[in-house]
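Here's the structure we're looking at; comments come further down.
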Amino acid sequence: MTEDDKFEGRMNGPQFEPGEKDSLLMRLVYMILIAIMISFAQTILGVVTLIQFVLMVIGGGKPNDQLAEFGTSLGIWVAKAARYQTAASEVKPWPWTELD
């Protein structure tokens with residue numbers, strides 16, 4: 001399995017839509033919470049980006065694999081959160097569902 005296949009599976013793999021939709025009021029609550037979490041994720045991404053760059057400078061251009069994988073996972077989470085926020089999906093991101 002290639003890295004592209006792994007990414008595609010995590011991003012577009014089966015997601016089980018919930019049986020019932022949330023009420024519009026509950027969806028608004030979730031949307032506000034997820035918006036706050038997305039903002040926090042952006043801050044974390046900025047910090048991880050800076051750390052990765054410093055490590056690359058020190059390591060002669062070689063990225064840290066764990067930070068790179070974390071960045072991929074964070075990006076997938078943000079994408080799933082955005083799908084819920086824009087009503088493209090009824091699946092809420094972690095912590096309401098499993099983290100891929």
Side-chain angles (χ1 to χ4, degrees):
M1 176 179 281
T2 68
E3 285 298 315
D4 287 339
D5 292 337
K6 184 178 173 185
F7 175 81
E8 280 299 314
R10 292 176 69 192
M11 187 64 198
N12 299 313
Q15 295 184 24
F16 302 100
E17 295 285 333
E20 292 182 18
K21 290 185 176 184
D22 295 321
S23 70
L24 287 179
L25 181 59
M26 281 308 298
R27 186 174 186 95
L28 176 63
V29 169
Y30 286 127
M31 290 174 79
I32 291 168
L33 289 172
I34 292 169
I36 292 167
M37 292 169 73
I38 288 172
S39 178
F40 186 64
Q42 288 177 313
T43 302
I44 292 171
L45 179 60
V47 170
V48 169
T49 300
L50 182 60
I51 293 169
Q52 181 73 294
F53 182 75
V54 169
L55 291 174
M56 288 175 68
V57 167
I58 294 169
K62 184 178 182 326
N64 179 286
D65 292 336
Q66 288 91 1
L67 287 180
E69 180 62 28
F70 176 78
T72 298
S73 295
L74 184 60
I76 290 169
W77 181 87
V78 169
K80 288 182 177 184
R83 287 180 45 78
Y84 182 81
Q85 293 288 73
T86 60
S89 173
E90 294 297 319
V91 177
K92 293 181 241 11
W94 177 87
W96 295 279
T97 58
E98 288 292 316
L99 184 61
D100 293 331

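If you're wondering where the values come from, they're calculated on a predicted model, not measured in any experiment. By convention here, the first residue in the shown sequence is residue 1.
- Atom CG of Leu33 sits about 11.5 Å away from atom CD1 of Ile38, to the nearest 0.5 Å.
- Under the side-chain contact (heavy atoms from CB on, under 4.5 Å) rule, Val48 has a single partner from Ile44, Ile51, Leu50, which is Ile44.
- Here the side chain of Ser39 pairs no donor or acceptor atom with the backbone of Ala35 at under 3.5 angstrom.
- In terms of modelled atom types and a separation under 3.5 Å, the side chain of Gln52 and the main chain of Pro63 share no donor-acceptor contact.
- Under the rule for a ring-ring contact (aromatic ring centres under 6.0 Å, His included), the partners of Tyr30 that lie at least two apart in sequence or sit in another chain are Trp96.
- Going from atom OG1 of Thr49 over to atom CD of Gln42 covers 11.0 Å, rounded to the nearest 0.5 Å.
- For the pair Ala87 and Arg27, the tightest heavy-atom approach, listed with the atom from each and the gap, is CA-NH2, 3.2 Å.
- Both Tyr84 and Val29 belong to a common hydrophobic cluster when Ile, Leu, Val, Met, Phe, Trp and Tyr are linked at side-chain heavy-atom distances under 4.5 angstrom.
- Here the OG1-CH2 distance, from Thr97 to Trp77, works out to 10.0 Å after rounding to the nearest 0.5 Å.
- Atom-to-atom distance recorded for Ile32:CD1 and Gln85:CD is 9.5 Å, nearest 0.5 angstrom.
- Atom CD of Glu90 is separated from atom CD of Glu20 by 11.5 Å, given to the nearest 0.5 angstrom.
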Between Asp22 and Lys92, is a side-chain contact (heavy atoms from CB on, under 4.5 Å) present by the stated rule, with each step listed?
CA-CA 11 Å; Asp22 295 321; Lys92 293 181 241 11; 3.1 Å; yes
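- Hydrophobic cluster membership differs between Phe53 and Leu45, with clusters built from Ile, Leu, Val, Met, Phe, Trp and Tyr side chains linked at under 4.5 angstrom.
- Clustering ILVMFWY residues whenever any of their side-chain heavy atoms sit less than 4.5 angstrom apart, transitively, puts Leu67 in a cluster other than the one holding Val57.
- Both Ile34 and Met26 are assigned to one and the same hydrophobic cluster, defined by single-linkage of ILVMFWY side chains at heavy-atom distances under 4.5 Å.
- Using a 4.5 Å cut-off between side-chain heavy atoms of Ile, Leu, Val, Met, Phe, Trp and Tyr, with links allowed through other members, Val54 and Phe70 fall into different hydrophobic clusters.
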